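Every chain is numbered from 1 and lettered A, B, ... according to where its sequence line falls, protein lines coming before strand lines. All values reported here derive from a predicted model rather than from experimental measurement.
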2 protein chains.
Amino acid sequence: MLKDDNAAAPSPLDVNDATVARWQAIAAQLRADILAGRVAPGERLPNETALAERFGVNRHTLRQAVQALVREGHLNVRQGCGTFVRELVLDYALRRRTRLSENLARTGETAGRELLSHAVLPAGEWADALKLPARAKVVVLETRSSVRGRRVGLSTAAFPCPRLADIAAPVARHGSITRALAELGVADYTRSRSVVSTRLPTQAEADALARPMSQPVLVVQYVNVDRAGVPVETGSTLFAADAVQLVVEPDALA
Amino acid sequence: MLKDDNAAAPSPLDVNDATVARWQAIAAQLRADILAGRVAPGERLPNETALAERFGVNRHTLRQAVQALVREGHLNVRQGCGTFVRELVLDYALRRRTRLSENLARTGETAGRELLSHAVLPAGEWADALKLPARAKVVVLETRSSVRGRRVGLSTAAFPCPRLADIAAPVARHGSITRALAELGVADYTRSRSVVSTRLPTQAEADALARPMSQPVLVVQYVNVDRAGVPVETGSTLFAADAVQLVVEPDALA
DNA sequence: TTAAATTTGTGCGTATGTATG
DNA sequence: ACATACATACGCACAAATTTA
């Protein structure tokens, strides 16, 4: 094993851990940098020679790490041009049946939904959209959606309380609103309205999305209703604008 | 029931109507004041304590009303700073028939469209959307839309050249794309696709919209097709996000 | 249009460590 | 102990693609 002359490396990962191959450690570090947003999507990495030198390995070794990340979908390599952090542009279709998982399935991606917090609160600002009396109760969930390990969405969703009081658990279990609603008897639901705006995120929001505060987010405020037209969910989702764009097309005739 | 000591209020709504929550009645009155221009856009409201006293309610009740208006986009609240009337909120509906003028007519506003520049260029980046060969020609118009004297939108639109080569003049004359197209034989057209994203504007764009560079804009890339499904226009519109929000609802069944 | 510079892709040879039989 | 096979790693050289001047 070579002497470590690369002790100043900023990553917490040890590039010279003997239990894994060096190219694997390098891949892990580059992957962590990408997922944490330390290198921006679309950004070009230093060339292979420079990267190999920085990690203190031969260019072949570095290339193995890069190839692994290409296979994982994190990097794009163009001969003669450079190595780029792959842009993650999800086309999020706003239509009657708006589902995160369906939107991603179309692109061959898989989504994860993480429950950050839940609480029971007075309907307050959500009462109108849910057609509830102002002092009814709602369950409010904060969730974060990730694709390919990248945080892409941050949602605050409110559900009417007597009917869907127990939604937090199934959401946490399935990582899916659709499946959680199905478990509580809402077999199907449709998007009745979406309102799109944009603004700069707060510090907390930027942190939660692993994005800089200077990058604007898309804000989608929405209402979902069941087959009978009764509101079952309202809320707003913040989308990282470098990862998601919204697509609006006329619904296919059913 | 409290005696109404606020009889001078111009609103027709009774703040003490028992059929709705008090905060809803207060929200309705504030909304009416804003829509009627009795409080100017950008103006700061009295602080919450003063407002609560004026309506004869607890500050918590008043805050519910304010929150509702924030959610509707009529107010902006900045902690430690005050509550402000939002500059202008246009609900711009994205649907099959997407027309600037129709969108504004719904809100009682009237739009103006200003032709900033026009040129004949190779189809290039617009070729795909217009289904043209790459070296066909297109007419590219830069236009600016204003409402109530406020600049709200900045568009770059491309039209296929043999068919719509002379579109610049009627656009300048009518201040309307719809009427210009009609004059050239395109009696009707529909929006086949809209893609929504956001970013910070360039200096030139910010200047053209009379907005600071720090305020993000909504970017809508679109394709319009005639009744036969042939593309007649593609382009992108930048909306000042403090003035416009996009609304997506299922099209009414025709 | 051409040419130079930059960057990734590929091939060869060599060497080391590990698992297998 | 030895031979074999495989994965890993280093060094050099040149080919191919792309960008830039």
Side-chain angles (χ1 to χ4, degrees), chain A residues 1-91 107-109 147-150 210 212 215 241-243 245, chain B residues 119-130 132-138 140 156 158 161 195 197 199-205 219 221 236:
Chain A
M1 184 66 65
L2 289 177
K3 167 90 173 51
D4 182 8
D5 60 348
N6 195 29
S11 164
L13 292 167
D14 184 357
V15 177
N16 294 317
D17 182 350
T19 65
V20 297
R22 298 193 66 174
W23 68 264
Q24 287 177 319
I26 293 168
Q29 173 157 343
L30 290 174
R31 188 186 305 113
D33 288 343
I34 292 167
L35 293 182
R38 287 188 287 272
V39 287
E43 189 176 315
R44 193 174 82 191
L45 298 184
N47 67 47
E48 294 180 347
T49 310
L51 273 180
E53 192 175 357
R54 184 206 290 179
F55 287 110
V57 299
N58 186 272
R59 195 171 143 241
H60 286 297
T61 307
L62 177 99
R63 280 175 55 80
Q64 275 192 280
V66 168
Q67 288 311 312
L69 294 180
V70 169
R71 283 191 300 271
E72 291 172 23
H74 291 302
L75 291 179
N76 250 332
V77 178
R78 281 159 53 199
Q79 182 178 170
C81 190
T83 302
F84 299 82
V85 178
R86 200 170 131 187
E87 300 269 6
L88 181 58
V89 179
L90 298 175
D91 283 356
T107 66
E109 304 281 358
V147 173
R148 218 192 299 151
R150 296 263 271 279
Q215 161 124 46
D242 62 343
Q245 60 186 12
Chain B
V120 177
L121 301 173
E125 56 180 303
W126 297 285
D128 267 5
L130 292 177
L132 290 178
R135 59 193 163 292
K137 298 285 186 181
V138 294
V140 177
T156 303
C161 208
V195 178
S197 56
R199 60 177 171 81
L200 294 176
T202 65
Q203 182 68 61
E205 291 163 347
V219 183
Q221 298 170 282
S236 63

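- Following rounding to the nearest Å, A:Arg22 (CZ) and C:dT16 (P) show an atom-to-atom distance of 16 Å.
- End-to-end axis angle of the helix from C:dT2-D:dA21 to C:dG21-D:dC2, using five pairs per end and rounding to 10°, comes to 10°.
- Here the side chains of A:Leu51 and A:Thr83 are not in contact, with every heavy-atom distance at 4.5 Å or above.
- A 4.5 Å side-chain heavy-atom check between A:Asp91 and A:Gln245 finds at least one atom pair inside the cut-off.
- Residues satisfying the side chain to side chain donor-acceptor pair (under 3.5 Å) criterion with A:Arg59, sequence neighbours excluded, are A:Glu48.
- Cation-pi geometry between A:Arg78 and A:Phe84 is met: the NZ or CZ atom falls under 6.0 Å from the ring centre, inside 45° of the normal.
- Taking B:Leu200 as the reference, A:Leu200, A:Pro216, B:Pro216 meet the side chain to side chain contact (heavy atoms under 4.5 Å, CB included) condition, with sequence neighbours excluded.
- Distance CG (A:Asn58) to P (D:dA7): 19 Å, rounded to an integer number of Å.
- Under the side chain to side chain donor-acceptor pair (under 3.5 Å) criterion, A:Arg31 pairs with A:Glu72, sequence neighbours left out.
- Listed by chain and number, the residues in a side chain to side chain donor-acceptor pair (under 3.5 Å) with A:Gln79 amount to none (sequence neighbours excluded).
- In terms of heavy-atom proximity, A:Pro41 sits nearest to A:Arg150 at CG-NH2, 3.4 Å.
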Legend entry - Annotated protein contacts, base or backbone, on nucleotides 5-14 of chain C with a non-hydrogen cut-off under 4.0 Å, one of B, S, - each: --BBBBB---
